[in-house]
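Notes to accompany the following structure.
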Amino acid sequence: MMNLNWTKKTATILLSSTLLGGVLLPAIPTFTTQVQADSLDEAPVSYQTFKNDEGVVKAAVKKANPAVQRQINAAFFKRMEADPVNAYGRAVTPYFSQVMQALESDAVSNIGSHGQVTSAFKQDYTAMIAVYNQFKSRLEPMYQDSLSDEVEEANQAVNANKVDSGTIEDVADYFIEYFQMDLRPDTVTGMPAVKSRLTKLTAKKTSSKKNVKVTGTAKLGKKANYAQIKTSKGTSYAKLSRTHHFSKKIYAPKVKKVTVAVGYYAHGQFSRVTNTKTVSVK
């Protein structure tokens with residue numbers, strides 16, 4: 001798993017184990033936020049809050065059954081970090097309530113044949129409760145009460161070692177429904193600045209040996225629309241795609257090196273926003 005990296009003063013680590021009725025469940029780190037019990041529907045969420053939420057969910061998944069960890073893996077969180085607003089359900093995937101669904105599905109599959117609390121089920125259910133605890137205070141009071149009743153019923157079943165799959169499914173289903181109704185921020189504020197840079201650059205001769213195809217990709221934190229390509233034969237420009245990719249075939253026989261920068265080009269003027277990078281022609 002990736003190392004968790006968030007502001008320490010917002011994190012409260014539960015070092016002791018949590019006793020849930022008669023079942024001893026391992027402690028899960030929980031993180032407090034500034035947001036209280038009001039609906040956050042479309043209200044902005046800070047980047048710090050997002051990182052706190054992500055940290056709790058990561059820690060919960062780390063305590064879950066390995067089958068969940070294979071599904072909700074590092075790549076899942078990397079995609080989430082690429083556009084944090086989507087983590088709250090603004091995109092098809094990935095988002096936080098999707099983690100609850102994965103935990104519930106695996107938990108139900110691990111209930112004993114007579115409703116027994118198995119080790120794998122306990123791992124998943126503990127993680128479910130950790131995710132629930134992180135977000136519950138941000139739901140509307142009526143939703144908090146309804147969901148609390150579902151969790152209490154599930155806890156009683158777990159304590160009695162007589163678990164019904166429908167009870168566990170209700171916890172996840174109600175959580176997801178209320179989450180999607182109340183936690184739909186339209187933006188994440190305080191995003192860290194992205195440093196613009198060239199991430200990929202290649203220059204290859206074509207079959208004619210007279211032309212060179214230059215391709216590359218940039219990561220942008222500032223507005224840019226073109227890549228500037230320089231060789232000993234002169235300067236040319238390649239328009240950036242929506243994904244900040246560019247490709248240009250230039251006439252450059254005997255050219256051995258190509259120098260590229262990405263920036264904003266308008267009215268005959270080019271302002272560089274990335275580093276300048278030089279590659280050898282292959």
Side-chain angles (χ1 to χ4, degrees), residues 1-6 44-48 50-51 54 58 70-95 98 185-282:
M1 298 295 294
M2 295 183 291
N3 291 331
L4 309 183
N5 184 17
W6 52 81
V45 165
S46 72
Y47 183 72
Q48 179 178 308
F50 162 71
K51 292 303 292 181
E54 183 189 33
K58 280 184 178 180
R70 288 191 290 271
Q71 181 181 353
I72 310 298
N73 52 23
F76 177 93
F77 288 109
K78 186 175 181 179
R79 294 195 304 274
M80 181 182 286
E81 291 163 358
D83 197 351
V85 73
N86 291 339
Y88 297 90
R90 288 278 174 189
V92 176
T93 185
Y95 48 86
Q98 185 180 3
D186 58 4
T187 188
V188 173
T189 61
M191 291 284 290
V194 176
K195 183 179 180 181
S196 299
R197 68 183 190 277
L198 280 164
T199 56
K200 294 181 181 179
L201 180 62
T202 61
K204 296 181 180 180
K205 290 182 180 179
T206 62
S207 57
S208 69
K209 305 299 182 182
K210 294 183 179 180
N211 296 317
V212 174
K213 186 175 182 180
V214 182
T215 60
T217 304
K219 185 172 184 178
L220 298 177
K222 295 182 178 180
K223 187 176 181 180
N225 58 358
Y226 278 90
Q228 184 187 66
I229 304 169
K230 291 184 176 182
T231 71
S232 57
K233 297 293 183 180
T235 300
S236 59
Y237 293 89
K239 189 172 180 61
L240 295 184
S241 71
R242 292 178 62 185
T243 57
H244 309 152
H245 178 77
F246 61 89
S247 180
K248 180 84 171 181
K249 186 184 293 185
I250 58 176
Y251 180 73
K254 298 182 180 181
V255 164
K256 295 183 178 180
K257 292 183 182 296
V258 173
T259 299
V260 177
V262 168
Y264 190 77
Y265 182 80
H267 309 297
Q269 299 293 320
F270 179 78
S271 299
R272 179 172 65 86
V273 301
T274 71
N275 56 316
T276 298
K277 199 168 186 178
T278 301
V279 293
S280 298
V281 177
K282 296 182 179 180

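Just the heavy atoms: all of them, side chains too, but no hydrogens, waters or symmetry mates, feed the values below.
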Check the side chains of [Y] and [X] for a donor-acceptor pair under 3.5 angstrom, ignoring hydrogens and angles.
X    : Y    : value
T278 : T259 : yes
T202 : T215 : yes
T217 : H245 : yes

Checklist entry - Are more than 12 heavy atoms from other residues, nucleotides or ligands located less than 6.0 Å from atom CZ of R79? => result yes

Next on the checklist: I'd like to know whether NZ of K277 has more than 12 heavy-atom contacts from other residues, nucleotides or ligands below 6.0 angstrom.
Outcome noted: yes

Straight-line distance of [X] [atom1] to [Y] [atom2], nearest 0.5 Å:
X    : Y    : atom1 : atom2 : result
Y237 : K248 : OH    : NZ    : 11.0 Å
K205 : K254 : NZ    : NZ    : 10.0 Å
D83  : M191 : CG    : CE    : 7.0 Å
K204 : T206 : NZ    : OG1   : 12.5 Å
S236 : Y251 : OG    : OH    : 14.0 Å
Q98  : M80  : CD    : CE    : 7.5 Å

Item to check | Partners meeting ring pair (Phe, Tyr, Trp, His ring centres under 6.0 Å) with Y264 (sequence neighbours left out) | outcome: none

Next on the checklist: Just to verify, what does Y226 make a ring pair (Phe, Tyr, Trp, His ring centres under 6.0 Å) with, not counting sequence neighbours?
Outcome noted: Y265

Might you point out which heavy atoms bring [X] and [Y] nearest each other, and give the distance in Å?
X    : Y    : answer
T189 : P44  : CG2-CB, 3.8 Å
A252 : K233 : CA-CG, 4.3 Å
V281 : K257 : CG2-N, 4.0 Å
Y47  : G190 : CB-O, 3.5 Å
V262 : A224 : CG1-CB, 3.8 Å
F246 : L201 : CZ-CD1, 4.0 Å

Next on the checklist: Checking K51 against Q48 for the side-chain contact (heavy atoms from CB on, under 4.5 Å) test, could you report, in this order, the C-alpha distance in whole Å, the side-chain angles of both residues, the deciding distance, and whether it holds?
Outcome noted: CA-CA 5 Å; K51 292 303 292 181; Q48 179 178 308; 5.8 Å; no

Checklist entry - Is T199 reaching over with its side chain to a backbone N or O of K219, donor-acceptor style, under 3.5 angstrom? => result no

Item to check | Main-chain N/O of K222 paired with S196 side-chain donor or acceptor, under 3.5 Å | outcome: yes

Next on the checklist: Run F270 and R272 through side-chain contact (heavy atoms from CB on, under 4.5 Å) and show every step you take.
Outcome noted: CA-CA 6 Å; F270 179 78; R272 179 172 65 86; 4.1 Å; yes

Checklist entry - What's the verdict on side-chain contact (heavy atoms from CB on, under 4.5 Å) for T231 and I250, showing C-alpha distance, side-chain angles and the deciding distance? => result CA-CA 10 Å; T231 71; I250 58 176; 3.7 Å; yes

Item to check | Stepwise side-chain contact (heavy atoms from CB on, under 4.5 Å) check, T274 with L220 | outcome: CA-CA 8 Å; T274 71; L220 298 177; 4.2 Å; yes

